[in-house]
Number of protein chains: 2
Amino acid sequence: MSSIRLAIVGLGKIARDQHLQAIAANDGIELVAVASRNARLDGVHCFTDIDALLASGVEIDAVSLCTPPQGRFEQARAALLAGKHVMLEKPPGATIAEVFALDRLASQQGVSLFATWHSREAAAVEPARKLLAERKVKSVHVEWKEDVRHWHPGQDWIWEPGGLGVFDPGINALSIVTRIMPESFHLTASDLSFPANRAAPIAADLEFRSASGIALTAAFDWRQTGPQTWDIRVETEEGPVVLTHGGSRLFVDGDAQIVEEDREYRNLYKHFVSLVNGGQSDTDFSPLVHVADAFMLGRRHVVETFED
Amino acid sequence: MSSIRLAIVGLGKIARDQHLQAIAANDGIELVAVASRNARLDGVHCFTDIDALLASGVEIDAVSLCTPPQGRFEQARAALLAGKHVMLEKPPGATIAEVFALDRLASQQGVSLFATWHSREAAAVEPARKLLAERKVKSVHVEWKEDVRHWHPGQDWIWEPGGLGVFDPGINALSIVTRIMPESFHLTASDLSFPANRAAPIAADLEFRSASGIALTAAFDWRQTGPQTWDIRVETEEGPVVLTHGGSRLFVDGDAQIVEEDREYRNLYKHFVSLVNGGQSDTDFSPLVHVADAFMLGRRHVVETFED
């Protein structure tokens with residue numbers, strides 16, 4: 001099978017930190033073009049935007065969108081209408097309605113759409129999922145607390161409507177929990193803390209309930225300095241199952257488990273190659289649905305101003 | 001075909017104002033029971049909640065949920081698990097995740113689920129839908145402005161998280177627009193006005209865009225005294241198509257059209273009977289999706305306190 005000719009749209013921090021080397025590390029896919037307003041990359045065709053790329057005649061099979069979620073719909077739609085397979089960074093869009101529309105369009109066009117959740121590829125996630133399928137879950141508690149100044153320096157778009165604020169990391173936790181839980185769940189209460197000068201929350205406390213009545217809670221906070229916390233603790237009748245370090249380490253009944261090296265983005269591109277070659281899509285939007293629910297059902301609290 | 005034996009859960013204002021007479025006016029369905037914390041109804045079996053109803057041995061085929069959206073999930077789930085068909089007042093739930101879960105459960109159980117949008121049964125909606133399918137839409141503007149003190153006196157739940165605030169009427173407009181528009185659309189901007197002492201917005205200004213680029217705007221406001229406004233104005237290349245009075249009157253190219261008498265709830269129950277007898281469900285959650293998107297993408301503004 002010939003290699004998938006890929007273009008990246010949006011050559012920002014996440015593309016440079018993760019995507020470029022993940023593509024290079026995968027067989028079956030090669031980077032041939034980049035579309036970026038300001039940045040260029042040696043050795044590939046460079047364009048200022050996706051429309052110029054699609055009009056150029058440079059032959060590509062697929063597009064990976066690494067731009068911020070606001071405005072990504074038009075880029076994805078243009079690529080799908082041009083018959084290209086599309087891979088979306090998380091979150092897949094700024095609204096639920098637009099990602100559903102992209103899903104329908106990809107089906108109509110007969111191309112692959114992959115809504116990625118990189119945290120689902122963290123090393124402990126699949127072992128935890130298998131384990132929980134065999135156990136009886138009693139409760140789940142998520143703590144996802146980090147220092148926004150360290151991880152998102154000067155990224156103003158995350159504080160704008162659509163940028164999601166603390167849900168930008170929090171959605172990673174939700175992408176793991178929706179994957180490892182043996183049943184679905186829905187939000188029952190949401191407390192959102194908005195800095196007085198910002199349009200997006202800096203902290204969120206959430207309560208969910210599964211269909212059968214299991215309680216899930218989540219505490220997201222962007223104000224944590226010092227050690228960072230990305231933990232998911234699942235109490236089961238057989239003992240605790242704990243994922244730490246963003247899903248890369250696993251503790252079962254108190255014992256650290258040996259898990260594989262983390263290869264989140266490498267795995268994403270491996271999966272994308274397999275989706276494209278198999279004529280499939282992978283579009284689970286449930287983490288974004290929970291975030292939208294958290295805003296809709298959220299009680300808002302105003303907290304102190306945040307300066308970057 | 002034998003008549004559907006129906007129970008109403010939640011005997012509040014909407015059930016008494018609309019549901020009881022709509023059921024009585026329809027062949028093929030009859031009210032046999034009511035579950036209500038405080039209210040009773042002569043001539044039918046009365047219970048304090050749905051669990052008591054389902055445990056009672058009173059034979060029913062279907063349940064119509066007229067309770068507020070918060071907490072409706074457990075009632076709907078109990079009914080579906082008991083093998084009953086379910087009809088949901090609008091909005092169908094407090095979260096997107098829960099209504100999707102109900103949809104899956106109804107499919108698994110092989111029973112009918114009907115997420116109703118009563119405004120879609122307003123007399124001008126179907127004529128407008130047919131007309132717009134033949135025309136080229138240029139833009140859409142919705143104005144939905146009413147006096148909350150008149151329409152929701154003392155209904156505190158509408159101001160709580162999950163009560164949706166001005167989206168409680170606004171979702172009616174969205175249910176009409178999603179029905180009459182020939183293509184789907186998604187939110188691009190949202191400004192929400194929250195009274196300083198309330199957890200839900202009293203006004204909302206929304207901008208949407210269809211896949212092909214048509215601009216849709218909506219202005220929802222709960223502070224309008226005097227004449228009330230529930231209008232949808234669609235500009236087409238062939239002239240304006242205007243729905244007024246909540247979708248019950250139609251003006252085409254400036255001329256008032258003759259439309260049928262309004263029978264919103266009567267039509268809903270007629271449709272429910274046909275869904276149940278045909279083994280079908282009708283679960284279009286797109287109006288609620290747009291509302292969740294409006295909260296997620298919303299820029300929040302604090303406005304003066306609201307006292308009922």
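First the proteins, then the strands, lettered A, B, ... as listed; each starts at 1.
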Asker: When you measure from the side chain of B:D293 to the backbone N and O of A:A97, does any donor-acceptor pair fall under 3.5 Å?
Answerer: yes
Asker: Using non-hydrogen atoms only, which part of A:R299 is less than 4.5 Å away from chain B: side chain, backbone, both, or neither?
Answerer: both
Asker: Would you call the rings of B:F167 and B:F220 parallel, tilted or perpendicular if under 30° counts as parallel and over 60° as perpendicular?
Answerer: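 It falls in the perpendicular class, over 60°.
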Asker: Against chain B, work out which of A:G71, A:A211, A:A94 has the most heavy-atom pairs shorter than 4.5 Å and name it.
Answerer: A:A211
Asker: Between A:H301 and A:D191, does a side-chain hydrogen bond (donor to acceptor under 3.5 Å, both in side chains) hold up when you go through it step by step?
Answerer: CA-CA 7 Å; A:H301 308 273; A:D191 282 276; 2.6 Å; yes
Asker: If you apply the rule salt bridge (charged side-chain N to carboxylate O under 4.0 Å, His left out), what do you find for A:R233 with A:E235, and how did you get there?
Answerer: CA-CA 6 Å; A:R233 184 177 180 89; A:E235 302 292 349; 2.6 Å; yes
Asker: Measure distances from A:T95 to the heavy atoms of chain B and classify the residue's part below 4.5 Å as side chain, backbone, both or neither.
Answerer: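 Interface part for A:T95: both.
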Asker: Please evaluate residues A:F306 and A:W222 with respect to the criterion ring pair (Phe, Tyr, Trp, His ring centres under 6.0 Å), reporting the C-alpha separation (whole Å), side-chain torsions for both, the decisive distance (0.1 Å), and the verdict.
Answerer: CA-CA 11 Å; A:F306 175 83; A:W222 243 351; 7.9 Å; no
Asker: Which one wins on heavy-atom pair count under 4.5 Å against chain B: A:A294, A:G298, A:A292?
Answerer: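 So the answer, after comparing A:A294, A:G298, A:A292, is A:A292.
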Asker: What part of A:F185 gets closer than 4.5 Å to chain B, counting heavy atoms only: side chain, backbone, both or neither?
Answerer: backbone
Asker: Relative to chain B, which segment of A:L105 carries a heavy atom at a distance below 4.5 Å: side chain, backbone, both, or neither?
Answerer: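 Contact with chain B involves no heavy atom of A:L105 at all.
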Asker: Among A:A101, A:S190, A:S212, A:A199, which residue forms the greatest number of heavy-atom pairs with chain B at distances under 4.5 Å?
Answerer: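 Greatest number of close heavy-atom pairs with chain B: A:S212.
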Asker: Side chain, backbone, both or neither: which part of A:F73 has a heavy atom under 4.5 Å from chain B?
Answerer: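 Only the side chain of A:F73 comes within 4.5 Å of chain B.
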Asker: Quick one: does B:T67's side chain have a donor or acceptor within less than 3.5 Å of a partner on B:R72's backbone?
Answerer: no
